[in-house]
Amino acid sequence: MGSLAHVEAEKRQLTREIDQLAYLGVHLVDSGNGGIVLQNTAKSSLIAEVKERQYEDPELVKFRERVPQQKKSLLELKGDGVLRYMGRLCVPDIVGLRDRIMSEAHYSWYSIHPGSTKMYHDIKDMYWWNDMKKTLLSMSAMP
């Protein structure tokens with residue numbers, strides 16, 4: 001963080017807190033109309049793992065091979081080489097990976113009432129796998 005000698009004494013604590021937010025990946029941006037917008041740039045390590053492990057799932061490898069041949073496909077390969085279904089990451093069927101994604105959604109501090117329907121809506125924008133909703137329904141029995 002550096003020296004706070006140039007900062008007024010009553011603003012030093014605020015400066016430390018802003019620095020702590022930046023360290024956590026949260027940035028303050030001037031909104032242009034007198035307000036401030038918070039941007040959170042933190043990323044889940046699960047997303048990186050999903051991207052890396054797509055090549056280990058034989059079903060996803062088959063889907064990947066078919067993408068260039070399809071005229072109108074819901075599956076796509078973006079410039080980053082990651083397979084997506086309607087813009088969502090295709091999650092490989094790798095032991096424990098889908099369970100960890102569901103657990104993160106279920107036990108997240110941001111979950112207010114983590115029922116299966118809410119969990120599905122929370123993670124469906126980011127992830128996709130066959131029978132995802134059914135899997136989440138079976139998870140609703142978790143403690």
Side-chain angles (χ1 to χ4, degrees), residues 1-4 6-8 11-143:
M1 176 154 98
S3 173
L4 293 176
H6 64 283
V7 178
E8 297 172 30
K11 294 183 180 175
R12 287 185 184 159
Q13 181 61 32
L14 178 62
T15 303
R16 285 186 191 101
E17 290 170 0
I18 291 172
D19 186 61
Q20 181 76 23
L21 287 172
Y23 176 76
L24 294 172
V26 177
H27 299 280
L28 305 175
V29 180
D30 183 1
S31 69
N33 60 0
I36 295 175
V37 176
L38 293 175
Q39 290 181 334
N40 185 355
T41 57
K43 295 179 182 166
S44 169
S45 61
L46 288 173
I47 292 172
E49 186 174 353
V50 166
K51 290 178 178 182
E52 291 170 9
R53 301 193 71 186
Q54 283 186 343
Y55 294 95
E56 297 174 34
D57 184 336
E59 196 69 28
L60 291 185
V61 170
K62 287 180 196 174
F63 287 156
R64 180 182 296 279
E65 292 169 355
R66 291 184 206 146
V67 168
Q69 302 157 357
Q70 296 176 347
K71 293 178 184 174
K72 193 173 185 181
S73 176
L74 299 176
L75 290 167
E76 58 190 1
L77 285 169
K78 293 285 188 178
D80 58 2
V82 177
L83 185 65
R84 298 175 193 277
Y85 173 78
M86 295 177 54
R88 304 176 333 202
L89 289 172
C90 293
V91 180
D93 191 8
I94 303 296
V95 176
L97 183 57
R98 292 177 180 178
D99 291 335
R100 290 197 341 258
I101 290 169
M102 291 185 296
S103 290
E104 183 178 271
H106 184 76
Y107 295 113
S108 169
W109 287 8
Y110 304 108
S111 292
I112 296 169
H113 184 359
S116 59
T117 302
K118 176 164 180 356
M119 283 176 45
Y120 174 72
H121 287 286
D122 287 348
I123 68 174
K124 77 174 179 141
D125 293 332
M126 177 67 65
Y127 302 107
W128 173 85
W129 64 81
N130 280 331
D131 296 326
M132 185 169 139
K133 195 167 190 174
K134 188 168 128 180
T135 307
L136 290 168
L137 286 172
S138 67
M139 185 185 182
S140 66
M142 286 181 66

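Just so you know, these numbers come straight off a predicted model, no measurement behind them.
Taking CZ from Arg53 and CG from Leu46, the interatomic distance works out to 11.0 Å, rounded to the nearest 0.5 Å. Rounded to the nearest 0.5 angstrom, Met132 CE and Tyr85 OH are separated by 11.0 Å. A distance of 15.0 Å separates CG of Leu74 from CZ of Arg84, quoted to the nearest 0.5 Å. Atom CD of Glu59 is separated from atom SG of Cys90 by 11.0 Å, given to the nearest 0.5 angstrom. The distance from atom CD of Glu52 to atom CD1 of Ile94, rounded to the nearest 0.5 Å, is 12.0 Å.
Side-chain contact check for Ile47 versus Tyr127: some heavy-atom pair is nearer than 4.5 Å. Side-chain contact between Leu89 and Leu83 is absent, with no heavy atoms from C-beta onward closer than 4.5 Å. Proximity of Pro92 to Glu56: side-chain heavy atoms (C-beta onward) are nowhere separated by under 4.5 Å. At least one side-chain heavy atom of Ile101 sits under 4.5 Å from a side-chain heavy atom of Val50.
Looking at Arg64, its side chain does come within 3.5 Å of a backbone N or O of Gly81 through a donor-acceptor pair.
Residues forming a side chain to side chain contact (heavy atoms under 4.5 Å, CB included) with Asp93 (at least two apart in sequence, or on another chain): Asp57, Arg98.
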message: Determine whether Leu75 and Arg66 satisfy the following criterion, side-chain contact (heavy atoms from CB on, under 4.5 Å), listing intermediate values before the conclusion.
response: CA-CA 9 Å; Leu75 290 167; Arg66 291 184 206 146; over 6 Å; no
